[in-house]
Amino acid sequence: MSAATMDVLVSLAKRRGFIFQSSEIYGGTGSCWDYGPLGVELKNNIKRVWWRDFVHQRDDMVGLDASILMHAMVWKASGHIDHFTDPMVDCRECQHRFRADQIDERDWTHYCPATKGNKFTIKAGEPCKHCGARRTLCPDCGKGELTAPRQFNLMFKTFMGPVEEDAAVTYLRPETAQGIFVNFDNVLQSTRRKLPFGIAQIGKAFRNEITPGNFIFRSREFEQMEIEFFVNPHERLDGRPADEVWHDRWIAECQAWFTRYGLAADNVKLHEHGRDELAHYSKRTVDLLYKFPMGWSELMGIANRTDFDLKQHSKFSGKSLTYFDEERKEHLVPFVIEPSAGVDRALLAFLLDAYQEEEVRGEKRVVLRLHPELAPIKIAVLPLLKKRAEIVATCHDLRRRLTRRWLTLYDDTAAIGRLYRRQDEVGTPYCVTVDVKTVGDADKGEAGDGKVTIRERDTMEQIRVPIADLETVFARLLDAGASWREIAAGYPRAEG
Ligand code: ATP
């Protein structure tokens, strides 16, 4: 049973060192988050797997790592200075701030005149059951009038250099995409790529969100994994414009990627932007939504940005950003398909989907069924008896050997049952236990059998495997994609 409410997950994330509130000892910021020892591993794994699958394993993709601070004109050309705004309203009473377009998605406080002014909290979008009123006042305090909406630019402003003057104003990038567009010609010239090809980038982005919230879902500092895939708009594939075909392909690829690494297919769906929702640069945008605890919300977007960005940067910089089509002997401005995912939102979705509570022998077991490629720790080496020096020494030796290829941890701070539960709770797919039979007993003249127990997280099955086989077994399980069932069939079961 998956039982992950946001509160349960926030608590697990803090307790086990996945995610902490930024600057917590000063009361926290509420809009920025720090990744702890396990969180940083999980996040790095998501980024590594994404990069491997979308950059290294494709022959039509290259990578880039552009700077966060860019020339201020970039943001004029891209439209961010003029258009990257959200409508904001303030409560005249409690001074709380809201995004005008999201205010009806919040539960609201109501002092009901039909019940002598009793206070109620009413579900988002619903009227009061008693008086039939709908929300008009502040949803938080239920008393204050709201100001008229005014546009608020989400970019963080700063100054380049020691003088705080208008000429030195620049911005922390609100998306990684623009770093790719302004380097289009550099990449083209240095790699001699032919269309279609893509440039991928993973990096930080900053948005001064009016209402950050829902844990790491919406924060002011976050990471994006973005691809700008350049396509020849004059080309046709299967009788359709190439950009439209590539857009469909990318939508399918992205959806498949998220389900391959663990999201249940039922928890993911597509949302086609209507005309009124489309950004000014977009011909078509499709969002991948995930069923987060607060409702279906955007996990990533896949937009057809047309030739808007390259043309804008060409106009503002005076530099040609075209591609020479050898076949048609013409210069053209490519169209761009942009799959844009948030690392933090992906991590939140993977954690939520992996979280399960189940009952095992009358006790609650919490298990994170993370895909092994994403799991922060791949193997835990555990001693059955930490008083026996040979057992502990064997554990340390195994940990040292295994961790060269797969992050392996040693833990002896509790009894074995407890140690297993702790690893289940952080998603470690395999535990290796060294016991008395492994090392034998020199005092009694008993030789060890040189075998250890491997326990698998999801089935909790255990098999007895010679130490000499361990690296081959884990190479098959963790690198070659062999199933536990296949491996377990080749070894005797161990007692639970
Ligand atoms: P939203 O509508 O939720 O504000 P958006 O449509 O503005 O998102 P994009 O500009 O398309 O988002 O950014 C691409 C991706 O970056 C999003 O799908 C999301 O995964 C991530 N992202 C955007 N804003 C944030 C944020 N404030 N915190 C965390 N991730 C974010």
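As the structure lists them, so they are numbered: ligands from 1, and atoms in each ligand from 1. Just the heavy atoms: all of them, side chains too, but no hydrogens, waters or symmetry mates, feed the values below.
H280 has its ring centre less than 6.0 Å from the ring centre of F308. With ring centers used as reference points, W250 lies under 6.0 Å from F54. Ring centroids of F184 and F230 are separated by less than 6.0 Å, placing the two rings close together.
Counting only heavy atoms of the protein, atom 14 (C) of ligand 1 lies nearest to S340 OG, 3.0 Å. Nearest protein heavy-atom neighbour of atom 28 (N) of ligand 1: S219 N, 3.0 Å. In this structure, the protein non-hydrogen atom closest to atom 21 (C) of ligand 1 is G342 CA, 3.7 Å. Nearest protein neighbour of atom 29 (C) of ligand 1, counting heavy atoms only, is F217 O, 3.1 Å. When only non-hydrogen protein atoms are considered, atom 4 (O) of ligand 1 lies nearest to R218 NH1, 2.7 Å.
Residue contacts with ligand 1: L299 is included, with a non-hydrogen atom under 4.0 Å away. The closest approach between a heavy atom of M300 and any atom of ligand 1 is below 4.0 Å.
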Solution key, residues 209-219 side-chain donor-acceptor pairs under 3.5 Å, sequence neighbours excluded:
{"residue": "S219", "atom": "OG", "partner": "E221", "partner atom": "O", "Å": "3.1"}

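With sequence neighbours left out, R58 forms a salt bridge (Lys or Arg N to Asp or Glu O under 4.0 Å) with D60, E253.
Residue I216 has no N or O atom closer than 3.5 Å to an N or O atom of ligand 1. Between R345 and ligand 1, an N or O atom pair is found at a separation short of 3.5 Å. Polar contact with ligand 1: absent for F222 (N/O pair, distance under 3.5 Å). At least one N or O atom of R207 sits closer than 3.5 Å to an N or O atom of ligand 1.
Looking at Q178 and D309, their side chains do bring a donor and an acceptor atom within 3.5 Å of each other.
Contact annotation: for E209 versus ligand 1, heavy atoms closer than 4.0 Å belong to the side chain alone.
Relative to atom 6 (O) of ligand 1, the option among E298, Q224, E226, E338 with the closest non-hydrogen atom is E298.
Among the candidates I199, V336, V74, the single residue satisfying the side-chain contact (heavy atoms from CB on, under 4.5 Å) test with F181 is V336.
Note that SG of C254 and CZ of R249 are 14.0 Å apart. Values are rounded to the nearest 0.5 Å.
By the 6.0 Å and 45° rule, R48 does not stack over the aromatic ring of W51.
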